[in-house]
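Naming convention: chains lettered A, B, ... in sequence-line order (proteins, then strands); numbering from 1 in each chain. Note that the coordinates shown come from a computational prediction; the quantities given were computed from them, not determined experimentally.
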There are 2 protein chains.
Amino acid sequence: MITIYDIARVTGYSPTTVSKVFNNYSDVSAKTRGKILDTAKEMGYMPNSHARTLMTKKSWTIGILFNESSGVGIRHPFFGGVLDSVKKTAEAEGYDLMFISDNIGGKTASYLEHCRFRSVDGVIVMLADRGDEGLQNLLKSDIPCVLLDFDDERPGCVSSDSIDGCYLALKHLHDLGHRRIAHISGGGDTFVGQQRRLGYEQGLRRLGLAADERLIVPGGPFFSVEGGRQAMLELLDLPQPPTAVLAAGDNLALGAIRALEERNLEAPRDMSIVGFDDIEAASLVRPALTTIRQDVGHMGARAARMLIGAIESEDMPPAAVLPVELIVRESCRRL
Amino acid sequence: MITIYDIARVTGYSPTTVSKVFNNYSDVSAKTRGKILDTAKEMGYMPNSHARTLMTKKSWTIGILFNESSGVGIRHPFFGGVLDSVKKTAEAEGYDLMFISDNIGGKTASYLEHCRFRSVDGVIVMLADRGDEGLQNLLKSDIPCVLLDFDDERPGCVSSDSIDGCYLALKHLHDLGHRRIAHISGGGDTFVGQQRRLGYEQGLRRLGLAADERLIVPGGPFFSVEGGRQAMLELLDLPQPPTAVLAAGDNLALGAIRALEERNLEAPRDMSIVGFDDIEAASLVRPALTTIRQDVGHMGARAARMLIGAIESEDMPPAAVLPVELIVRESCRRL
DNA sequence: ACGTTAGCCGAAACCCATTTCGAAAAAAAG
DNA sequence: CTTTTTTTCGAAATGGGTTTCGGCTAACGT
């Protein structure tokens, strides 16, 4: 490996001067600069990030944290999209991404310890288990953290506008003549689960529709197809079933459609369904799912920019709630 | 930040001794060990990975490389699954994951330079563009690299058994009475695209079926739904269309089904379809897709273990070709 | 001709750990 | 009670950079 000492030796200057060249110090003459730069390129010099970090306390590394306890993890298509845009945005600003886990060298460690060990400049929490003590300790630390779908007021949180999304969905159904609209809710302990349920309730009120407790059925903690199936079955067994369903996630909606098929019913003929997320499968399925699209690309980019802002200004920007969009496809019909 | 010097000061021992404790040197008495360990825990000591790496030349970091030029990237569900298992396996062995990009500090750099800059111990190339010169230079370097779906003979390559997968699919169709089976092929410059086409051709021969050049239609470079749709349309326009299609990817298969719908045809009634990959949507779609499942979890774990083996033994294990599995669902019928 | 000033450059300290090797102390051998 | 061996410890060098601060030279002003 070529070091600044090698370049110093070859050019006849001191390591100090070589270092200064790469750090754009002004007290180096143009001639010296040129000679050092030339030989550096010639010798294939590449700085050593570890040595640099050791000195500057800045690693140019952003930690990516998945609180895996929920068991969902990176697999969910939502995260692939977010991660992709986080990566692109961060890289453009000179930061690299590293996964933060709960162990170091194969031995259990806290997230905070891991962050300190690797001296990451900040962390993006993509999937947060609100009850996790390790996560809470990290948030209490001085390490800047941006969280996805964790809160809509706490500084450093980025979320999609679930409230508005639910309203858009309900409005759409209402416009189609539906008045009895059920909700298959997501995991009650997740922020989006809570938020979408809240959005459903507020949306009903705003549209002047009566609320009916029995029309809210939990679809299990994991936003899974199977959970949606079960919930739809319950709804169909109601004395007075709904004519439409707003599911808290596309997988739940897909499960609901599955349940309909089992009962020899069909969407949208017998039941209108709206999902949430717009995962890839939503447009592939028949009937194609009408759903609320989260802009994952925007979300990742925003999270990355927020974090970098916090890292470089020592001040965490306020929470961002991103707009969502109604994607009308085939799973709803006019009554 | 607490350093070994702080602990040395407090305990009265030298930094050397403190370091030795954490590195399990035998020349430290049990008493000393205990005292140092205690105060370390008390003070919340956490080693600094950068200082350590600087000295030992080992970063305990594995680079993850997506050759994004193809435009697919992390978004594809396949990678989410692989990445997940790579992460779990690597972490269990004490390695962390960092993404390798083609820039450093916001300025363009080669993959190799990035790897040296961060001194990663090895790299897993998840999506390789065979023509990329930067990638080739990385492979020529002394940094251990494991590649997914890149080759099936080169040491350090992990791939699913496309040949066998195609045979399984063809055999299934053959068993159902199909004799005229088409192939919608994937990007010709990708390894899996080539391999699956080869598997199709060999499979036909093995089953004693006649090959017909016109039955092989390229589905475009990106394994996309739209590409599959176009290809199916072409097949339908053939004077003598096939009765079944083996698509080189599930998305292609899904696109093919879409094309059938447009012509008021239906799978499996009018055309049997087999996909490849078993992405999430495959089981969600109607008709649910009969497909060849790649074990992404196994693939990631294998890749990680192979790389770590190479890192720690200086010797790259031979290529691994992983078995695949036929998943029979609803998209094929008996003729 | 002399004091100022600005422009360039480098010595040395520092960041935090690892590792070698020698020395001191303690234990074992004689 | 020496001598030898074993334990236990630490000084110092090392890794590759950054940053402060002081020194030297050349140009400038008068």
Side-chain angles (χ1 to χ4, degrees), chain A residues 1-37 39-40 43-61 94 104-105 113-121, chain B residues 1-37 39-40 43-61 94 104-105 113-121:
Chain A
M1 221 197 156
I2 309 292
T3 73
I4 55 170
Y5 293 90
D6 296 319
I7 298 178
R9 206 165 15 76
V10 171
T11 59
Y13 291 101
S14 71
T16 304
T17 303
V18 176
S19 173
K20 284 180 176 177
V21 167
F22 293 114
N23 289 283
N24 291 316
Y25 274 61
S26 59
D27 62 344
V28 181
S29 74
K31 206 185 70 185
T32 308
R33 226 187 118 68
K35 200 165 8 165
I36 288 179
L37 247 24
T39 47
M43 300 177 70
Y45 169 73
M46 185 50 44
N48 180 314
S49 70
H50 298 99
R52 184 178 293 188
T53 298
L54 195 53
M55 191 61 207
T56 61
K57 308 281 185 198
K58 169 139 191 173
S59 66
W60 293 95
T61 303
I104 296 175
E113 285 172 328
H114 199 150
C115 289
R116 295 222 186 286
F117 175 63
R118 294 288 189 177
S119 41
V120 298
D121 298 328
Chain B
M1 220 196 155
I2 310 293
T3 71
I4 55 171
Y5 292 88
D6 297 318
I7 298 178
R9 208 166 11 77
V10 171
T11 58
Y13 291 102
S14 73
T16 302
T17 304
V18 176
S19 172
K20 285 181 176 177
V21 167
F22 293 115
N23 289 282
N24 292 315
Y25 274 62
S26 58
D27 62 344
V28 181
S29 73
K31 207 185 68 184
T32 308
R33 226 186 119 68
K35 204 172 353 172
I36 288 179
L37 247 24
T39 46
M43 300 176 72
Y45 169 74
M46 184 49 45
N48 180 312
S49 69
H50 299 98
R52 205 205 289 271
T53 297
L54 196 52
M55 194 59 209
T56 60
K57 306 279 184 200
K58 168 138 191 176
S59 65
W60 292 94
T61 303
I104 297 176
E113 284 171 329
H114 199 150
C115 289
R116 296 225 186 283
F117 175 63
R118 293 290 189 177
S119 40
V120 298
D121 298 328

Is the phosphate of C:dA17, meaning OP1 or OP2, less than 4.0 Å from a side-chain N or O of B:N48?
no

First encountered from the 5' end of DNA chain D, between A:D27 and A:P15:
A:P15

Would you say a side-chain N or O of B:S14 is under 4.0 Å from OP1 or OP2 of D:dG10?
yes

Quick check on C:dC16: is either OP1 or OP2 less than 4.0 Å from any side-chain nitrogen or oxygen of A:K57?
yes

Below 4.5 Å, heavy atoms only, C-beta onward: do A:I7 and A:I36 meet side chain to side chain?
yes

Below the 4.0 Å mark, does D:dG17 have OP1 or OP2 next to a side-chain nitrogen or oxygen of A:T56?
no

Just how far, in rounded Å, is C1' of C:dT18 from CD1 of B:I4?
8 Å

Proximity to the side chain of B:L54 - top-ranked nucleotide from C:dG10, D:dG17, D:dG16:
D:dG16

Check: B:H50/A:S59 side-chain N/O donor and acceptor closer than 3.5 Å:
no

Which nucleotide in the set D:dC9, C:dC14, C:dC9 lies at the smallest distance from any side-chain heavy atom of A:M55?
C:dC14

Between the base of C:dG10 and the side chain of A:Y13, is there any donor-acceptor pair under 3.5 Å?
no

Within the structure shown, what part of the strands sits under 4.0 Å from B:T53 by heavy-atom distance: base, sugar-phosphate, or nothing?
nothing

Using a cut-off of less than 4.0 Å, is there contact between a side-chain N or O of A:S29 and OP1 or OP2 of C:dC9?
yes

Look up atom OG in A:S26 and atom NZ in A:K20, then write down how far apart they are to the nearest 0.5 Å.
8.5 Å

Using the closest heavy atom to pick a nucleotide of DNA chain D for each, name whichever of B:A51 or B:T17 lands nearer the 5' end.
B:T17

Atom NZ of B:K35 to atom P of D:dT8: distance rounded to whole Å?
14 Å

Select base, sugar-phosphate, or nothing to describe what A:T3 touches, counting heavy atoms under 4.0 Å on all strands.
sugar-phosphate

Between the side chains of B:S19 and B:T16, is a donor N or O closer than 3.5 angstrom to an acceptor N or O?
no

Nearest-Å distance, CZ (A:R33) to P (C:dG10)?
16 Å

Can you check whether B:Y25 has a side-chain N or O nearer than 4.0 Å to OP1 or OP2 of C:dA17?
no

Determine whether B:R52 and B:N23 make a side-chain contact, defined as any pair of heavy atoms from C-beta on separated by less than 4.5 Å.
yes

Within less than 4.0 Å of OP1 or OP2 of D:dT18, is there a side-chain N or O belonging to A:Y5?
no

Please give, in whole Å, the distance from D:dG17 P to A:M46 CE?
10 Å

A:K20 (side chain) and D:dG17 (base): donor-acceptor pair under 3.5 Å:
no

B:K31 NZ to C:dA26 P, in whole Å, measures 10 Å

Could you give the distance from CE (B:M43) to OG1 (B:T11), rounded to the nearest 0.5 Å?
9.0 Å

What is the distance, to the nearest angstrom, from the CD1 atom on A:I36 to the P atom on C:dC8?
13 Å

According to a strict under-4.0 Å criterion, is A:T16 in side-chain N/O contact with OP1 or OP2 of C:dA11?
no

Output yes when at least one side-chain N/O atom of A:R52 is less than 4.0 Å from OP1 or OP2 of D:dT18, else no.
yes

Output the rounded distance in Å from CG (A:N23) to P (D:dT19).
6 Å

Can you check the A:K58 NZ to D:dG16 P distance for me, whole Å?
24 Å

